[in-house]
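These notes concern the structure reproduced below.
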Protein chains: 2
Amino acid sequence: MTLYVNLAELLGARIEQGLYRPGDRLPSVRALSLEHGVSLSTVQQAYRHLEDRGLATPRPKSGYFVPPGRDKPALPRISRTAQRPVEVSQWDQVLEQIGMQPNNDFIQLGRGRPDIDSPTLRPLLRSLSRLSRKQDLQTLTYGSIRGDQRLREQIARLLLDSGCQVTFEDIVITTGCHEALSAAIRAICAPGDIVAVDSPSFHGVMQALKGFGMKALELPTDPLTGISLDALELALEQWPIKAIQLTPNCNNPLGYIMPEANKRALLALAQRYDVAIIEDDVYGELAYNYPRPRSIKSYDEDGRVLLCSSFSKTLAPGLRVGWIAPGRYLDRVLHMKYMGTGTTAQLPQLALAEYIEGGHYEPHLRRMRMQYARGRDQMIDWVSRYFPAQTRVSRPLGSFMLWVEMPEGFDSQRLNRELAPYKIQIAPGSIFSAAGKYRNCLRMNYAAKPSAAIEAAVRQVGASVARLLEDNHARDTAMHTD
Amino acid sequence: MTLYVNLAELLGARIEQGLYRPGDRLPSVRALSLEHGVSLSTVQQAYRHLEDRGLATPRPKSGYFVPPGRDKPALPRISRTAQRPVEVSQWDQVLEQIGMQPNNDFIQLGRGRPDIDSPTLRPLLRSLSRLSRKQDLQTLTYGSIRGDQRLREQIARLLLDSGCQVTFEDIVITTGCHEALSAAIRAICAPGDIVAVDSPSFHGVMQALKGFGMKALELPTDPLTGISLDALELALEQWPIKAIQLTPNCNNPLGYIMPEANKRALLALAQRYDVAIIEDDVYGELAYNYPRPRSIKSYDEDGRVLLCSSFSKTLAPGLRVGWIAPGRYLDRVLHMKYMGTGTTAQLPQLALAEYIEGGHYEPHLRRMRMQYARGRDQMIDWVSRYFPAQTRVSRPLGSFMLWVEMPEGFDSQRLNRELAPYKIQIAPGSIFSAAGKYRNCLRMNYAAKPSAAIEAAVRQVGASVARLLEDNHARDTAMHTD
C-alpha cells in the first residue's frame, strides 16, 4: 500500500472510532507530516483520499474537518453473555445457510464469501489451469500429510508480516481454515471440555464444539476491542477451561481488531492458567491498514497458540486450502488432520505456491483491502439511509462483513423468511452464538463492488426490518390494551 | 467390458480360487458356450485371453488345461485377533508412510495409490483445466454442504451397478473417502464406544478410532471370504458394539470379495443387534469381474448402512472427492462433515460430473480393471520367484494391492529400514491392526504397469526379506546354543 493510502486509512480509522467527531478540525497537514515523517504532499494526497470517501471536508484556509453529514448509526452494544458453559444449538439455521447452491439467483448477503471477480486473481487461475492438465504424481496422487513444502515456505514468509517467526516445518496445510480449527479443537479438547469463545463468534467453531460434545463459554465482547479480559480472567478462575478460541483480527462478525496490549494480556492469562489459544487469523491480511495487525501467535513463547488461517477470504474459498501453525501441538494436530481427511489436495497448493512466488499475492491483497474499505463505507451509508433509526452497526477495520443490531425482540430468522420471496438472504445473528443469542442481529456481506442491485437488496432488507419492528410494536401495544 | 473378457475373468477367478487345479482339464468350448449363452468364438477368444495371462494352455484336440507351472504361494492364514476392544496404536508408523512427498525418488510400493498414467484420464484433466480458468461463483466459492447436485446424480446412477437404489438426495460429497469414513464414525459413535472391524484393516479407520477415543474390536478375517460371522455374532453378544466397519469388496489389504450370502447374513446380524454398518466401498468398482459385486448397502432396508466411497482409487486420489450415502444418519453426517471441513471444493466436483456425463468413466474402469488383474498375476509371479519359499500371499479379486505374509517373528518395519538405502518402501503390516499385529506381513502395490524397475524393486524386497529371515534364524540358533 502506498504511504498516502496508509495514512488515510489511519486517519479514517480514528474518525470511525470517534476520536474526531463530526465538525471537528482534523490535524494540519504540517502536523501530520511531522508526526508520520512523510512529505507534505503525501499528507495532502491522504486528505484528498479521505475527501473522496466522504470522511473529510476541506474549508478554505482552515484545513480539513470531519463533515457533519448524517450521524453514523450507533455501535452495537457490548454483548451480554450467560458466562457459563452451554451446549451449542442452531444447527438447523446453519444448515439453511450452507445448504444453498452457490449459483442460485439469491443475493446472498448472508454468506462469508469474498469478491472473486478481481483481475488480480487471474494469474492463479492460469496456474490452476496449466497444472490441471499435467498427468503426474505430484498433481494427481496423495501429497504429504504436512502439505506441499513450497507452499508452506511461502506461508511462513507471509506470516512474518503478522510478526510470526515460524518455518515451513511449523506449518501443516489443511482443507480450509475450517479443518484447521476443527483439528485444533480436537487436538486440545476432549468431549465435555469447556472452550472460552468470543461472542458473537464464527458458527463453524460453534458447530464443531457442538459436534464434538464440548461446551462453549461465551464471553462479553466489545465491538471495538474484542473479548473482555476481565470476564475471561473470572471465567478462567471459575471453570476448568481447556482452550480459548477467538478471532482477534478483523473479527467475524464484529470487524474489530483487538488492541495489541489486549493480545499480550490475553496471552499472559493463558500462560498463567495454562490453557491453549486457538487463534483464527483468516481475516488478518484483510485489515484496511497496513502493516497488518500482529497475531497473538507472534507473542507466543511456549507454543501454546495454534494459529489457523486460509486463503478462503483473501483469494477464494473454493480452493479449500488453509493452514495451521500448531506450536507444541504439532503431532496431535497432524494426527487429527489425518483422521479427518487424509492429505490435502495437491493441485491448488501447487498453484498457490506459484502465485505467491510470482509476486501476485501482495498486489491482490492491496486491491482487495481498498475495495473492502470502500465497501464498508458504502454499506454503512446504505444501512443508515434504509434501516430504521434504532439500528446499530459495527465499524469493521478489515474483512467484508457488517454486524447490524436491531432492538431486542427483533427476529432475524423471521426476517430471512420475509426476504425469501425477494430472493435475498442475510445471516441471522443467532447462528453466531452457542446459546442462540443475537436473534435481534444480522450479518451482511459487502465484499462485492457496490451495485444498484445490492443497494436495492439492502433497501429491501431495511424495509422488511422496519415492517417487522412495526409488527412487534403493534403486537406489544395489543397485548397492553388487552 | 466385452463378453469374452468377462468370461475370461470368471474362468480366471475359478482357477485362482482352486476350482481347477494345475493339470486339470478346463470346460470345453461348447459347454461354456451353452452355459453362458455366448457364441463359440467368444469362448475361444476368452481362452486365448487366459492363455495370454498364463492361466490356460491349449493341447491339440484335447481342449484347454490349467498349466502345471510353478505352484502358487500359499494363502495367508486366517487372522487370529485378540477379540476384545483395544486402543489403537501405530500412529508413528502411519506418519512415516503418509509424510512422504509424492514426487520423491522412492519406489513407493507401500502407498495405496492407483495408476494415474492411463490416457482414459485425459478428458478429466481437460475438464479440470477448462473449468479452472473460469472466474465464477460456482468454481471459486463455497458450494452447498451436500455437494454438487449434478455429480450426486451421476454417483446415484453409478451406485445402481452395486445394486443400490438411492437418489442424489441420499448422497453427500466429501473430501475423499477418508472424510466419509471419519464423518460416519463420528455420526454413530462417541468416545469410549466399540467398533467391530475386519482385521487386517485400513489404517485410516484405525487411526480415526484412535483419535476419537474409540476402541477397535478386531475380528478374525478369512483371506477369501472376509470377516468371520461367527466371531462377529459372539462379539455382538458380548460387547456393546456401536458399529461394524468393514471393506467387503476388494478388501484393503486382503483383496477378497465377501460372498453375497455373507453380506446378507452380516446385515441380518446388524439388524438383530441394532448396530450400524460403515461400509467402505472405495475399491468396489475395481473388482476384476463384471458386473461388480453388490454392496451390503444394496440389501439395506432400514437405512443402517453408511456407504462410503470416493474416486481416489478409480481415478486419482489428488481430486479428494468422495461421497457417503448415510441412510438414516444423513443429518448427523451432514453436521459432522460441516464440522470437519465445511463444504467440499467445487472445481473437481464439476469436472467429475462432466467426465462421467461424457461417458468417459466406464471405459476407464474397464481398462483399469484389466490392467490391475494383469498386475496381480505379475506381482504374484514375482513374489513366488523372488521371495523365500515360506511366503504366503493373498489372491486379490480386485483393486491393486497384495498382502504378503512371512513366518512369525519377521519384522516388516525393520524390512522398511533395510530397504530405505535402496529407495524402496513397503507398507508394514502392523499399521493395518489396531493392536499392532501383522508385523510379519506387508502390503505391496501393483497398480503401475509392470516394469524392469518394479521387478528389480520386488526382487530386492525378496532378497532383504530372505536376509532378515536368516538373521532371525541365526539369532534363534545362537539363543538355543547359548
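Letters go in sequence order (proteins before strands), and every chain restarts at 1.
Only the side chain of B:K313 comes within contact range of chain A, with at least one heavy atom under 4.5 Å from a heavy atom of that chain. Contacts between A:D136 and chain B at a heavy-atom distance below 4.5 Å involve the backbone alone (N, CA, C, O). Neither the backbone nor the side chain of B:R332 comes within contact range of chain A; no heavy atoms are under 4.5 Å apart. Contact annotation for A:S127: neither backbone nor side-chain heavy atoms come within less than 4.5 Å of a heavy atom of chain B. Looking at B:D117, the atoms closer than 4.5 Å to chain A (heavy atoms on both sides) sit in the backbone and in the side chain alike. Interface remark: B:T139 contributes backbone atoms only to the contact with chain A (heavy atom separation under 4.5 Å). With a threshold of 4.5 angstrom between heavy atoms, B:R133 approaches chain A through its backbone and through its side chain.
The most heavy-atom pairs under 4.5 Å with chain B, out of A:H335, A:R146, A:K134, come from A:H335. Highest contact tally toward chain B, considering only A:H203, A:Q149, A:R122, A:R126, is held by A:H203 [criterion: heavy-atom pairs under 4.5 Å]. Interface check for chain A: of the options B:G340, B:G213, B:A345, the most heavy-atom pairs under 4.5 Å are formed by B:G340. Between chain A and the residues B:S118, B:A180, B:P114, the most heavy-atom pairs under 4.5 angstrom are made by B:S118. In terms of heavy-atom pairs under 4.5 Å with chain B, the best-connected choice from A:L131, A:D331, A:L347 is A:D331.
Between B:Y142 and A:S312 the shortest heavy-atom distance is OH-CB, 3.9 Å. Smallest separation of non-hydrogen atoms from A:Y338 and B:V94: CE2-CG1, 3.7 Å. Of all heavy-atom pairs spanning B:I145 and A:L95, the tightest one is CG2-CD1, 3.8 Å. Minimum heavy-atom separation, B:R111 to A:T343: NH2-CG2, 4.1 Å. Nearest heavy atoms, A:M339 versus B:H178: O-CD2, 3.7 Å. Considering all non-hydrogen atoms of both residues, A:I116 and B:Q135 come closest at O-NE2, 2.8 Å.
A donor-acceptor pair under 3.5 Å links the side-chain atoms of A:S129 to the main chain of B:S129, judged by distance alone.
Here the CD atom belonging to A:Q108 is positioned 8.0 Å from the CG atom belonging to B:L137, to the nearest 0.5 angstrom. The CG atom of B:L124 lies 8.0 Å from the CG atom of A:L140; values are rounded to the nearest 0.5 Å.
In the displayed structure, A:K210 atom NZ is contacted under 6.0 Å by more than 12 heavy atoms of other residues, nucleotides or ligands.
A donor and an acceptor atom, one from each side chain of A:S132 and B:S132, are located under 3.5 Å apart.
B:R320 has its side chain out of reach of A:T175: every pair of non-hydrogen atoms, C-beta onward, lies at least 4.5 Å apart.
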